[in-house]
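All remarks here apply to the structure that follows.
Note on naming: letters A, B, ... go to the chains in the order of the sequence lines (proteins, then strands), and numbering restarts at 1 for each one. In what follows, every heavy atom counts, from backbone to side chain, and hydrogens, waters and symmetry copies are set aside. This one's a predicted model, so the numbers in the text were calculated from it and none came from an experiment.
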Amino acid sequence: MCCLARASKARGARAGGGAAESKGPERETLRTGAYGYILAQAMRNPVRTGATIVAVAVAVAFLVIVASLSVGLQDPAVPVVLGARGEVTPVLPIADFAVAEEGAYVGLFAPRLLDPPEVDAMRRIAQESSASAQDIGVYPYTERLLWQRQLGGLDAQAVRLLGVDPALGIDTPYTTYHTYSQFALGGALPAGAGPQLVLGYALWEDAYGSAPLGSALALAPRNATWLTAPAEALRSGGSMTVGRMWSLSGLTLTGVLDRDSSTDWFAFVTLGHLANATGAGATAAGPRCEAVSVAVQSEGIDIEVLATDLAAASSRVTSWYVTTAGERALSDVAEGLRASIYGWLVVAVGVILATMLLGVSNTVLLGVSQRRREIGTLRALGLTRAEVVRLVTYEALFIAMMGWGIGFLTGHIVTSTLSTGRLEMDAVGVWLAPGRTVPWVVGASLLAALVAALAGSALPARRAAALEPAEALAGP
Amino acid sequence: MRPPVDLTGPVPLTTWRYITRGIARRPLRSTLATSGVAVVVAFFVVFASMSAGLHREVEEELARPRPTHVSMEHASPTPYSSSDLALIEAVAATFMEGTSADGVTGGWAVDPVVELTLSVPRDGARAVLWGIVPGQAGPTIASPPGLTPGAPLDMGRHLSAADDDAAGLVCVLGSSVRDRLFPGVAVNGTVALGPDASADPWRLPSAEAYPLDAASAWESEVRGPFAATVVGLLAPGQGGGLDDGVFVPVHALLRALGQEDEGVYYFPRLVLTVADGTRTDVRALGDELARAVPPTVVRDDGWDRASFERTFGQAQRALDSWLWAVTSAMALMLVAGVSDTMLVTVADRRAELATLRATGARRRSVSRLVLAEVALLGAIGLGAGLLAGAGATWAVDALAGDALVAPPHLDWWVMAAAALIAMGAVSVAGYYPARRAARERPTEALRYE
Amino acid sequence: MSDKGGRRDGERGDAGDGAGVGGREAAGNAIVLKQVTKAYRSGDREVIALRNVSLSVPEAALAAVQGPSGSGKTTLLNLIGAMDTPTEGTVRVGGRDLSALDDDSLSEFRRRNVGFVFQFFNLVPVLNAVENVLLPTMFAPEPPLERAMGLLERVGLRDRWDHTPARLSGGERQRLAVARALINDPALVLADEPTGNLDHETGASILDLLEALTHDGRTVVVVTHDPEVAKRAGTVLRLRDGVLLGQGQ
């Protein structure tokens, strides 16, 4: 308002002169105060300022990407690189791999078949060893290898049939089936010894062409490319074995499980039906089984002792093994992969910080060096040393914050674009982990930028503060 | 006014004093510049070493000869016969000849194999009876390494071809089997090879009786025991397969098992061994063999070279591309920073440089002076960076080397490349300031006196 | 950070305004120096810039400090302008004993009571005229915009408030510098060779401007080696080799 009034007064005063009228300045557009000063100074050498901002932005973007990747890699599902150094099978997609963090399994085998009372005896032994019934599950079953998809090599895929107790389901280290499992179609096996069939998703899709529920399906040897594989028995049967070929037919499709690598290539029938069909038979108490899987959740149980006790429960148990979840979770190389990624992360972060620090420090220092006279002038005009330090620090903070803003945005966008949700060793390599920009990444990157600004400007600020007002009197 | 250094003639050694003093005059500025170079160099050294290490590992793996085995098992109740063996040998021979151009290194052989379990696998300790062809590497698929003629013996000798034709059975015992099942036996002693005598008769020697097949329900039978004369005892500590094994000549065993009929032998399993199967398309070979004598199930421990190259090639490319991308970005920033610094330094020394020119120094000498200073800064930074980088590489190797997929390898090439990058960046950075310095006019020196 | 020497602990300034040089009545003296010596360390030598100088400058006077290069005029300016403290002696400006002040207090004093005009203008090239005028108020809560515009008007640059120094002539730049010097309404204005970079005519107009400031009641001290400038001053202080030769008209 006042400016306008003054302007009109001026106009009035110079009416005769015909001078060009100038509108007065607006407070908001003026670069006053410390902020305006550093803004103007930044524009003074736009190349230098711009280059430093870009450097900080690149560093922050890299930090954000790398941090987000590390968050992604830490997801509970861990990449498993099977085999030792040099013999590598393709990395499996993380999302498909569910890893049990605790627990162990005992598997017991009796080719001469176990009767239900013996299974009950095992169940009693198991429950005695544990404080809580929830900690231990005892699952009788019979397993058959149906066929192998390929002839050996790395893509071999075994298709297996499991006869399970429909009420209990099954829990083994490599597959689980429960009445409460997730089904894509239909539901679990009904109780009893009926000819129902539950298929894993991939098997259903691939071998049975996504047949609808209620279809009558058979399990039998297929054409030449789907060879039957009695090999396991032959190889280690312990004797020269003689075999018979048979097939299960007339099974009704009751359910199809959701996609899950632990059930994809499995078929489940009731134990009773399988026992009848293969002549294993049943007793009055129930169907016989060839194996029992004991799943132990609690860590307080001595698994080796339990296994020995269980095996002793029946004279027909010929072999048993123990698996702890830890063995499944990570192979050495997978752990190594994780360790190396962490190692690289630390190195990368260190380098990033150093780059930021050096970049900001250099720019600020050069600025101070080139503005000795100006800083001296400011001092002469009455700015204290502390205020000069503030100015230099603000300048560094300005660069750092601009850089952080751009860098963070860029990093976030890049992470979102690149992360496909799967960890794959494909063209861009293992670096495409499912990244998530979580709050701590924001904080960490911001902190890094701030530290770089403050640390980088510390010495130059001291230099600037040490300048005497007399510098203002120096020549160019 | 005396010039700080005399550049009228050829550039003398005293310029180095000028340059070093110039650098020392501005400790903070110089430190920042050299640190920048050092950081870039150190970073490059560490990551390039990792890349070099991976590269080396891949090369080694690709070059390593691998004995490869293809195991064929008859999927019908009727085992293979000798004529099947001949057929399979013929198929294999044709295949190998066809691919020999690609380098099937060394020889190959097809041998019958018999595997019987002697005792119950409790606590992981099995005892397996192997019928093998004397002098050939034994079966290895899904079993421990085979018995090579060179395996160390405690006593006695290995099996020989003559044993194969002998009337009675001879055997070589692994150390663990001997200790557990036949304690105290010596060479020329006799052992009974059959199911564990101390075991419950109901306990079948079934080893991996699980998993049983679906398409056929197998009934297990017990064979033996067979009496055998011990001719050799293996030294201990050779790995599970050899320690837990009892090795007899296969044809003799087949005869003892009644699987020989008028010179024709019947056996359930064949193993084709290729001395170096690195370049053999094992899968194709397996397919052909399976087709030759159906129904045959083939399993191989062939090394999928293509998959390996794909996986590690991709990892290598990923690492390399990141390395070069980040290094380039950092080098650019370094060039910008050093260039900026030198420009300010040149501006600071305007009077000095102009004086040099006023006293007769050539333009080129002045610009060389600036370049030399930049080069010295770069060299110092390079040295520091190489040290730091080497140290960091060593630290990474020491701390995490075992865990890494491939340990970092500090190559001379890496150091040379780092030097090239550092000096290159620094030279580019110094170009413009040097030109600026050379353009200084002599009159500038006198302006504000 | 050179010597803060000269401040002797426990010494208080004069109770009154201190006797001026030559026994003149103290009241009305803007600046009083009493036996001031200033020594520097240059390399490993000690340089005595001012030797036992005593002088006084009356209020609202236009004083000139004259002398050849190296005579200590710049040093004298530093001391008067509260930019430095003497090794020995006292410096009183506006009644305040500057030698007793610490660094921050000196800065504060400068901000409020002293305006500077430099030989090379020392304007910030990236700011426009009014922003340059407001520079000393950088850390003030509210920039006194109206006052700045008023000062620009006074020095005749109101129309060019949005010009950067690059778009101003030499004389205009110095006038802008004067406006800047006045933003905090100082009682003392110090000018170091204000006409040194200007041609004769422009320089004269600047001197006119400076002289006009004394009519506000401000004391103006001009350091110069130009005798023409000295002629216009009411008080002339002649220095040579750090010694005050004389104070006269």
Side-chain angles (χ1 to χ4, degrees), chain A residues 1-3 5-7 9-10 13-14 17 19-27 29-46 371 373-388 390-391 462 465-476, chain C residues 1-2 74-75 77-78 81-84 103-116 118-131 134-146 148-150 153 158-162 164 180-181 183-184 186 190 192-193 223:
Chain A
M1 261 328 206
C2 57
C3 312
R6 197 171 289 221
K9 226 177 32 180
R14 288 202 299 269
E21 303 153 5
S22 58
K23 46 185 178 8
E26 278 140 40
R27 195 169 288 265
T29 58
L30 286 183
R31 289 162 301 180
T32 56
Y35 182 63
Y37 179 72
I38 60 168
L39 209 59
Q41 291 299 349
M43 292 308 118
R44 193 167 183 170
N45 195 337
R371 299 200 322 253
R373 199 145 58 92
E374 193 169 301
I375 295 173
T377 308
L378 288 173
R379 295 270 287 127
L381 294 176
L383 259 64
T384 61
R385 290 190 204 276
E387 283 165 341
V388 167
R390 272 166 72 179
L391 278 183
R462 265 184 58 182
L467 291 175
E468 296 293 340
E471 296 278 341
L473 303 172
Chain C
M1 266 294 288
S2 48
T74 310
T75 313
L77 197 73
N78 283 357
M83 297 205 285
D84 204 350
D103 195 75
D104 279 351
S105 308
L106 279 178
S107 298
E108 189 63 32
F109 184 85
R110 271 202 309 280
R111 194 198 307 234
R112 284 208 256 178
N113 300 300
V114 186
F116 277 97
F118 301 98
Q119 179 180 4
F120 297 104
F121 321 130
N122 290 7
L123 297 168
V124 179
V126 288
L127 297 176
N128 64 30
V130 69
E131 287 162 350
L134 288 169
L135 193 66
T137 64
M138 187 184 290
F139 286 106
E142 268 292 313
L145 186 54
E146 294 83 15
M149 292 306 289
E153 174 131 23
R158 187 162 181 322
D159 291 342
R160 278 173 271 232
W161 64 267
D162 58 347
T164 58
R180 177 180 69 185
I183 189 69
N184 283 323
L190 299 181
D192 177 39
E193 308 274 7
V223 166

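No part of C:Leu190 comes within reach of chain A, as not one of its non-hydrogen atoms sits under 4.5 angstrom from that chain. Looking at C:Asp192, the atoms closer than 4.5 Å to chain A (heavy atoms on both sides) all sit in the side chain, from C-beta outward. Proximity to chain C involves both the backbone and the side chain of A:Glu387, based on heavy atoms less than 4.5 angstrom apart. Residue A:Leu467 does not touch chain C at all, counting heavy-atom pairs closer than 4.5 Å.
In terms of non-hydrogen atom pairs under 4.5 Å with chain A, the most contact-rich of C:Phe116, C:Phe118, C:Phe139 is C:Phe139. Per-residue counts of heavy-atom pairs under 4.5 Å with chain C were compared for A:Thr32, A:Leu30, A:Leu391; the largest is that of A:Leu30. For the set A:Ala470, A:Ala40, A:Ala34, A:Ala380, the count of heavy-atom pairs under 4.5 angstrom toward chain C peaks at A:Ala380. No other option in C:Arg180, C:Glu108, C:Gln119, C:Arg111 has as many heavy-atom pairs under 4.5 Å with chain A as C:Arg111.
The side chain to side chain donor-acceptor pair (under 3.5 Å) test applied to C:Glu193 returns C:His225, not counting sequence neighbours.
Counting non-hydrogen atoms of other residues, nucleotides and ligands closer than 6.0 Å to CZ of A:Arg44 gives a total above 12.
Annotation for A:Leu383 and C:Ser107: closest pair O-OG, 3.7 Å, computed over non-hydrogen atoms.
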Show your reasoning for whether side-chain contact (heavy atoms from CB on, under 4.5 Å) applies to A:Leu378 and C:Met138.
CA-CA 10 Å; A:Leu378 288 173; C:Met138 187 184 290; 4.1 Å; yes
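Distance check, rounded to the nearest 0.5 Å: CZ of A:Arg379 to CZ of C:Arg110 gives 5.5 Å. Interatomic distance, C:Asp103 CG to A:Thr384 OG1, rounded to the nearest 0.5 Å: 8.0 Å. From A:Leu381, atom CG reaches atom CG of C:Asn184 across 8.5 Å, with rounding to the nearest 0.5 Å.
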Show me the side-chain donor-acceptor pairs of residues 121-128 of chain C shorter than 3.5 Å, one per line, residues at least two apart or across chains.
unit_1	atom_1	unit_2	atom_2	d
C:Asn122	OD1	A:Arg373	NH1	2.5
C:Asn122	ND2	A:Thr377	OG1	3.0
C:Asn122	ND2	A:Ala472	O	2.8
C:Asn128	OD1	C:Val130	N	3.3
C:Asn128	OD1	C:Glu131	N	2.9

